Amino acid sequence: MEHPLHIYNTLLRKKEQFVPLHEPHTGMYVCGPTVYGDPHLGHARPAITFDILFRYLQHLGYKVRYVRNITDVGHLEHDADAGEDKIAKKARLEQLEPMEVVQYYLNRYRDAMRALNVLPPSIEPHASGHIIEQIELVKHILDNGFAYESEGSVYFDVEAYDKKHHYGVLSGRNIEDMINTTRVLDGQEEKRNPIDFALWKKAQPEHIMRWPSPWSDGFPGWHCECTAMGKKYLGSHFDIHGGGMDLVFPHHECEIAQAVASQGDDMVHYWMHNNMITVNGQKMGKSLGNFITLDEFFNGNHPMLAQAYAPMTIRFFILQAHYRSTVDFSNEALQAAEKGLARLMDAWKSLQKLQSAATTSVEIGGLRVKCLEAMNDDLNTPIVISHLFDAVRAINTVKDGKGTISAADLEEIRSVFQLFLFDTMGLANETAAGVGGSEAFGKAVDLLLSIRQQAKANKDWATSDKIRNELTALGFEIKDTKEGAEWKLAN
RNA sequence: GGUUCCUUGGCCGAGUGGCUAGGCGCCGGUCUGCAAAACCGUUUACGGCGGUUCGAAUCCGCCAGGAACCUCCA
């Protein structure tokens, strides 16, 4: 290929050509959700970003194993409930078993992802199901002299590590700065250095989720799960590790340190990070309390929402920005996305009915190559979309009878739309299976429109307008074309 | 305070040295019985100041504003 796939590697802070370690096999690990709350718009960003990558890598012919973990070991609270597991806390409040809470929110997460047309990953390992692997990882790090035990807990010795390796390669930090800027918190006396991070924590009595280990009954440090499960399912060296930019430090930095401390080098070749979704310029997140859940978007039931937004509108809204840019939520932006997406989908429907001619008069040359080049340039979906909109103009020109398209070009455009709009960007045509989409229902609407057509022929405008206006009031969109009236349900 | 990054037209959002991004909106036109849709055309840009260059939104410096991260949260 002339312009092979390039992706931005956070480690080098530049775009790099993607070359898998074991072609055609490709390994990809992405940090998944912590299942102790309803999935919100912030969760949609990484899921959709890496879904696009997953889909596109497969289109390029790679056999992808995509691992996205489920964090169900709640670890610690940082507020007044210090020492209590997040999931345990929620469980006690709601009088449920911790794993019942995990299952509930995991189901909710999967439902939302399915609605957003996010493909299931190849493997979704649970942190709680890989305690043994995490304990093994901690043992290796201890054996290599980069960790120490203290009162039943095990901490990573950042200073010892930094003498042989560089702690901070991913986030561009050095430990002197970090030591100077780390806040002094309670309960840190066990650590030799405030910047040391936990590999294993001894559980407090009220901590429900706990497992036996050589050091104490407790639970693994947060960073261990990804290192242990990445290695288990993708091997000691794999291609891509993804996640949100907010995870660069400390999570991914610590993962690198753990990998190097346990096996001598990092497991990951390409580190990829999606940017945040913001609300009024601020990150949307649970801790800030400014999040809107995906369910709320789908049903419009939130004070900040002017209306309900279809899952595909959310997906399209996210894809209209590059994954490394922030994207700011607003009703105005979502409504614009909704209309833009409808324009694309209408063009797709027109494409099915378009008649071909002997020659092509509209400008549609090189569409496939342009879209491929945009995808190959670090997954530039906004550019792909802009090229598709250019094609929409050509399609509509032909539809209006003001231009022609050859059979071969028509087939090519259909194929390109199928590849990029549906297969790669994962957008789906929702109106096809719209409300009450039964055959009888459709025929009833067709009947009304044929009565209106007769009324129009008789210049009985009162009757024809009444049918149109009533249908519009019911939520139908009526379009008069040369071949007669078309209809669809709005939203 | 430290690290990293951002600031584009009414709104969203691409673009890293010279070529119309795109969408939404507004306005005008074509089409229509009137509309809607569609199409065509038009309209507002690159935070501020300085520098490099034949030429900068794009490179460099300073200033202003903003964000993410800086915990044993995940």
Side-chain angles (χ1 to χ4, degrees), chain A residues 10 13 31 33-37 71 73-79 81-83 85-87 127 153 155 168 170-174 176-178 180-185 187-188 190-191 194-201 219 221-223 225 244-251 253 273 275-276 278 281-283 285-287 316-317 320-322 324-328 330 332-344 346-347 350 374 380-390 392-393 395-397 399-403 456 459 461 464-465 468-469 472 477-482 486:
Chain A
T10 308
R13 297 181 199 291
C31 291
T34 301
V35 281
Y36 67 99
T71 297
V73 178
H75 299 296
L76 293 169
E77 284 283 6
H78 67 291
D79 53 18
D81 299 308
D85 187 300
K86 270 193 177 175
I87 287 170
S153 294
Y155 294 98
L170 187 66
S171 56
R173 297 163 198 236
N174 60 67
E176 291 78 29
D177 290 341
M178 282 187 265
N180 292 335
T181 58
T182 300
R183 281 185 292 156
V184 179
L185 297 172
Q188 296 213 332
E190 301 178 357
K191 296 202 287 188
I195 60 173
D196 292 347
F197 57 90
L199 296 172
W200 185 266
K201 282 296 289 184
F219 52 91
W222 167 39
H223 315 303
E225 61 179 270
M245 277 184 188
D246 51 345
L247 299 179
V248 169
F249 191 90
H251 185 48
E253 196 70 74
H273 294 94
N275 214 321
M276 303 291 103
T278 59
Q282 273 206 320
K283 169 186 166 185
K286 190 166 176 79
S287 55
F316 187 67
F317 168 67
Q320 272 190 304
H322 188 265
R324 285 191 290 110
S325 300
T326 56
V327 57
D328 198 58
S330 72
E332 222 180 344
L334 275 168
Q335 284 160 358
E338 185 176 58
K339 286 181 183 170
L341 178 60
R343 186 166 145 87
L344 276 172
D346 283 349
S350 303
N380 200 330
T381 52
I383 295 292
V384 174
I385 290 168
S386 79
H387 291 319
L388 293 180
F389 273 118
D390 287 341
V392 168
R393 183 159 298 148
I395 291 165
N396 288 333
T397 303
K399 188 190 178 195
D400 271 13
K402 289 171 183 161
K456 284 178 72 173
K459 296 192 191 289
W461 310 128
S464 75
D465 286 354
R468 182 179 68 194
N469 296 340
T472 302
E477 253 177 47
I478 310 300
K479 288 185 205 175
D480 286 334
T481 71
K482 291 195 172 85
E486 289 178 1

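The structure displayed is predicted, hence computed values, not measured ones. Sequence lines set the chain letters: A, B, ... in the order given, protein chains first and strands last, and positions in each chain run from 1. Just so you know, these numbers use all the heavy atoms, side chains as well, and skip hydrogens, waters and symmetry mates.
- Between A/His251 and A/Trp222, the ring planes lie parallel to each other; the angle is under 30°, not in the 30° to 60° tilted range.
- In this model, the phosphate group of B/A14 is approached by a side-chain N or O of A/Ser325 to a distance below 4.0 Å at OP1 or OP2.
- Comparing the P positions of B/U42 and B/A21 gives an interatomic distance of 13 Å, to the nearest angstrom.
- Heavy atoms of A/Asp328 sit under 4.0 angstrom from primed sugar atoms or phosphate atoms, though from no base atom.
- Rounded to whole Å, the distance from CD on A/Glu486 to P on B/U32 is 17 Å.
- Note on A/Asp465: a base of the nucleic acid sits closer than 4.0 angstrom, heavy atoms only.
- Checking B/A14, B/A68, B/U3 against every side-chain atom of A/Lys283, the shortest atom distance belongs to B/A68.
- Across all strands shown, A/Thr326 has heavy atoms under 4.0 Å from sugar-phosphate atoms exclusively, and none from any base.
- Remark: the A/Arg468 side chain and the B/A35 base include a donor-acceptor N/O pair separated by less than 3.5 Å.
- Look at the C1' atom in both B/G55 and B/G18: the space between them is 6 Å, to the nearest Å.
- Comparing atom distances between the A/Ala321 side chain and each of B/A14, B/C11, B/G23 picks out B/A14 as nearest.
- Comparing atom distances between the A/Gln282 side chain and each of B/A67, B/C12, B/A14 picks out B/A67 as nearest.
- With B/C40, B/A38, B/G33 as the candidates, the nucleotide lying closest to the side chain of A/Ser464 is B/G33.
- For A/Glu332, the listed nucleotide lying nearest its side chain is B/C11; candidates were B/C11, B/A38, B/C69.
- Between B/C39 and A/Arg343, a contact under 4.0 Å exists linking OP1 or OP2 to a side-chain N or O.
- Put simply, CD on A/Glu253 is 12 Å from C1' on B/U4, counting in whole angstrom units.
- Residue A/Ser386 places its side chain closer to B/G22 than to any other of B/G23, B/G22, B/C69.
- Between the base of B/A37 and the side chain of A/Asp480 there is no donor-acceptor pair shorter than 3.5 Å.
- At the heavy-atom level, A/Asn275 lies nowhere under 4.0 Å from the strands shown.
- With C1' as the reference atom, B/G15 and B/C46 are 11 Å apart, rounded to whole Å.
- The residue A/Pro250 sits close to a base: some heavy atom pair falls under 4.0 Å.
- Nearest to the side-chain atoms of A/Pro382 among the listed nucleotides B/C69, B/C24, B/A14 stands B/A14.
- A close approach under 4.0 Å does not occur between any side-chain nitrogen or oxygen of A/Arg324 and OP1 or OP2 of B/A68.
- Applying the 4.0 Å criterion to OP1 and OP2 of B/G15, one finds that A/Asn380 has a side-chain N or O inside that range.
- Remark: B/A64 base-pairs with B/U7. Criterion, Watson-Crick or G-U wobble with two distances under 3.5 Å.
- Checked by distance alone, A/Arg173 brings a side-chain donor or acceptor within 3.5 Å of a matching partner on the base of B/C69.
- Taking the C1' atom of each, B/A14 and B/C73 are spaced 36 Å apart, rounded to whole Å.
- Closest to the A/Lys339 side chain, of the nucleotides B/G22, B/G13, B/G25, is B/G25.
- Between the side chain of A/Arg13 and the base of B/C5 there is no donor-acceptor pair of N/O atoms closer than 3.5 Å.
- Using a 4.0 Å heavy-atom distance criterion, A/Leu388 is classed as making no nucleic acid contact.
- Nucleotide B/U20 forms no Watson-Crick or G-U wobble pair with any nucleotide shown, as no partner meets the under 3.5 Å limit on both distances.
- Taking the side chain of A/Val392 as heavy atoms from C-beta on, and the options B/A68, B/C39, B/C69, the nearest nucleotide is B/C39.
- In this structure, the side chains of A/Lys283 and A/Met245 stay at 4.5 Å or more apart for every pair of heavy atoms.
- Side-chain proximity of A/Lys479 to B/C70, B/A37, B/A14: nearest is B/A37.
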